[in-house]
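Report on the following structure.
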Amino acid sequence: MDWDQLDLHPRVKAAVRRAQISSISSVLVLSSPVLQTRTGLSCSDVQQLLIVAAAACRGTPPIQAVLLKTGPGPRLSLGCPVLDRLLRGGLHSGGISELSGQSGAGKTQLGLQLCLSVQYPEEYGGLGSGAVFISTEDSFPVRRLQQLISEQPCLRSDVPPSVISSLKFSDNIYIEHTADLVSLQTCVSRRVPLLLSRGLVRFLVVDSVAALFRSEFEASDWLERNKQLLTLSSCLHHLSHEFNIPVLCINQVTDVFNDSEHTLGPLRSSVSPALGLAWSNQVMVRLMMRRLQGTVAREDQSSTLRRLEVVFAPHVASGGCDAAVWREGVCGVHDGK
Amino acid sequence: MKPLPFDKCSNNLDLQTGLNHQEALEVLQAVTSDGGGVSFTALELLQKEAELKSIVTFSSQLDAALGGGVPVGKTTEVCGVPGIGKTQLCLQLAVDVQIPECFGGVGGQALFIDTEGSFTVQRLVDLAAAAVRHCSLLVEDDEQRDAMTMFTVETILSNLFLVRCRDYVELLAEVHLLPDFLSQHPNIRLLVIDSVAFPFRLLFDELSQRTRLLNGLMTTRVQQGGQSQLVPALGDSWGHAATLRLLLQWAGSQRMATLFKSSCHMDTTVQYQITSDGFRDTDQSEQPQSKRPRIQTDQSASSQRDGS
């Protein structure tokens, strides 16, 4: 937006131009005495200028909460009714959800499952669009994805087989390999917005955020690391809110050595999500997956028992449920079974 | 107000406060001119403050520590680690500010500035339904019965205004426009910013600019309402801004709320929990028992009203 479009007296506009204040938002950053000296305007003119500039910069005026959708809003189903119940319907659109856990806990499995689940029409818990999977750690597990796709009728017995067979799952998953932070940044800020604005995808997985930040920085570079971390997270926030999509970030864990860190959360396990407080502040929903001791068996398959826990979320009570990874995907295990 | 440096020339003031020359002159002008403000006696101020009510938190222990709840007309800062319940407390207050006056509430509206995107209507409906259920159990006379017809989940949602600010420019813009908005909606008694720190985190390396902006934010703040925020992020210059600072923290698996800056209360630490109904005391997990503390706060609120 330009100064010409604002409803201001030409005299004020001329003064602003003379003071070489180019953007409207930079006016808000200055205090009114500074504006007075720089533009040579009177106090009331500056007040007027500030209010008009503020009105131009404001996104939307305050609205009553009753006018917002009172329903649960679009949720991305996890593809399993037990896990969906834990998350009150599934992943929240808007905001970053984090899934952390030790290696082998089943994080990537759940990420893959969500990439398939998002492609279902809305009445079956999906968002009717594709997904972007950004892989920073390993090569993308293509064979496992093919297996999951072929087992979909088994996982989603609630969906008519004709719907499942009409979906071309592997055509709608866009896979990005990023080996360093710069390419991750370009991917998130350039390529992903392009896909989103064309409506080709409505879900983003980053697997994992921790890998690059842990490998690229020395301990002494924490300032730079924090800055990069915040740049990435603000970019993800922006995407998530602008396009109203769920964003899942898979995170590694770090060991908790001493008691000093237990103030960050109730001490439930010996590990906590990696990347520290700077990252935690950016996360809206934090999920954690753990491997438990026992195994569960079913017909010809057996799986190590896992536990999916909600550490915090603004709309979900903290809690957890047991889960197992089967051939067709991650499923909740009913209590008592 | 602190004793001000009348004898200081503006140049001196420039150096000491880091303001520029024009701003320093304005400070001196404001201080020396008689029209700066009408003076009150302490008694008048006391009476004035007694008229202002507090917003109950639904945790009787925290209410007691705060002297009846979060005070209207003062700035309260809530900080703590992610997941401790800051947003829950904010939502709880946004609902509780609407409790009708005959129940000892404030009966106002709320403006919620969401910078993180963590506001969910679903959760708000939970809290609103719990508050309505709670008040309907307390109905004793006709006035309260009448008030209950106007205190429903629907009206609670329509009395809560929500703005989403995605960056600090939008937040500053919103603050500039607040005086207008508040004069159009004179019933607003609570302003929540959840959170102040979030949009400013990216300005990590521009420390001086950040300090300037935050100071601007506080000087333009309105008289009524509470503000909320994360960890004592943002540093010392922000710390001066809030009248009350409330720190939420974990102690083992227990949630604790510590009041650590306040001009009129003792430093205290109380336990609380977040239930599906919202922000509550720890020792009562069952629904019927949770009525008891509210009646007490009602009485204390009404006795406060009688006294004024």
Side-chain angles (χ1 to χ4, degrees), chain A residues 25 28-29 31 33-34 36-37 50-51 53-73 88-89 92 94-95 223 226-227 230-231 234 237-238 240-242 262-268 277-278 280-284 286 311-318, chain B residues 20-23 25-26 81-84 87-88 91 111-112 116-126 154 156-166 169-170 172-177 180-181 197-198 201-202 204-205 209 212-213 216 230-231 233 249-254 274-276:
Chain A
S25 56
L28 295 176
V29 173
S31 72
V34 171
Q36 280 179 42
T37 33
L50 278 173
I51 286 176
C57 287
R58 133 196 284 192
T60 46
I63 50 164
Q64 290 171 304
V66 74
L67 298 177
L68 297 167
K69 251 200 204 146
T70 41
R88 284 182 97 173
H92 198 270
L223 190 67
N226 258 7
K227 238 173 91 180
L230 290 178
T231 317
S234 73
H237 263 283
H238 177 75
S240 154
H241 288 292
E242 171 139 354
H262 80 259
T263 49
L264 289 185
L267 198 61
R268 287 202 204 103
L277 193 56
S280 304
N281 278 323
Q282 307 292 319
V283 173
M284 188 167 96
R286 169 165 277 178
V311 182
F312 61 75
H315 59 293
V316 184
S318 34
Chain B
N20 69 23
H21 189 67
Q22 187 74 28
E23 285 171 320
L25 279 179
E26 202 165 87
V81 293
I84 187 75
T87 302
Q88 301 299 321
L91 289 174
L111 174 63
F112 198 105
E116 295 192 16
S118 57
F119 181 92
T120 45
V121 185
Q122 193 182 17
R123 184 65 185 143
L124 181 70
V125 170
D126 288 353
E154 189 96 336
I156 290 177
L157 288 177
S158 60
N159 283 326
L160 178 68
F161 294 89
L162 177 75
V163 206
R164 170 103 180 84
C165 293
R166 279 163 301 184
V169 175
E170 284 190 15
L172 288 173
E174 206 53 55
V175 171
H176 276 295
L177 296 169
D180 268 354
F181 184 79
F198 196 80
R201 291 235 181 234
L202 259 182
F204 198 80
D205 46 343
Q209 191 193 2
R212 266 188 84 80
L213 291 179
L230 280 169
V231 197
Q249 62 193 356
W250 291 105
S253 60
Q254 197 44 254
I274 309 283
T275 68
S276 57

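The sequence lines fix the lettering, A, B, ..., with proteins before strands; numbering per chain opens at 1.
Under the 3.5 Å distance criterion, the side-chain polar atoms of A:Gln64 are left unmatched by any main-chain donor or acceptor of B:Asn159. A distance-only check finds no donor-acceptor pair linking the side chain of B:His176 to the backbone of A:Ala53 [under 3.5 Å].
Residue B:Leu124 touches chain A through its side chain alone, counting heavy-atom pairs closer than 4.5 Å. Heavy-atom distances place no part of A:His238 under 4.5 Å from chain B, backbone and side chain included. For chain B, the nearby part of A:Ala313 is the backbone; its heavy atoms alone come within less than 4.5 Å. The contact between B:Phe119 and chain A is made entirely by side chain atoms (from C-beta outward), counting heavy-atom distances below 4.5 Å. Contacts of B:Thr120 with chain A are made by side-chain atoms alone, with heavy-atom separations under 4.5 Å and no backbone atom involved.
The number of heavy-atom neighbours closer than 6.0 Å to CD of B:Glu154, taken from other residues, nucleotides and ligands shown, is 12 or below.
Most heavy-atom pairs under 4.5 Å with chain A: of the set B:Asp126, B:Leu91, B:Ile156, B:Leu177, this distinction falls to B:Leu177. For the options B:Ile84, B:Thr87, B:Leu162, heavy-atom pairs under 4.5 Å to chain A are most numerous at B:Leu162.
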For the pair B:Glu116 and A:Met284, evaluate side-chain contact (heavy atoms from CB on, under 4.5 Å) and give the outcome as yes or no after the intermediate values. CA-CA 8 Å; B:Glu116 295 192 16; A:Met284 188 167 96; over 6 Å; no

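The heavy-atom pair separating A:Pro62 from B:Leu111 by the smallest distance is CB-CD1, 3.9 Å. Between B:Ala173 and A:Cys57 the shortest heavy-atom distance is CB-CB, 3.9 Å.
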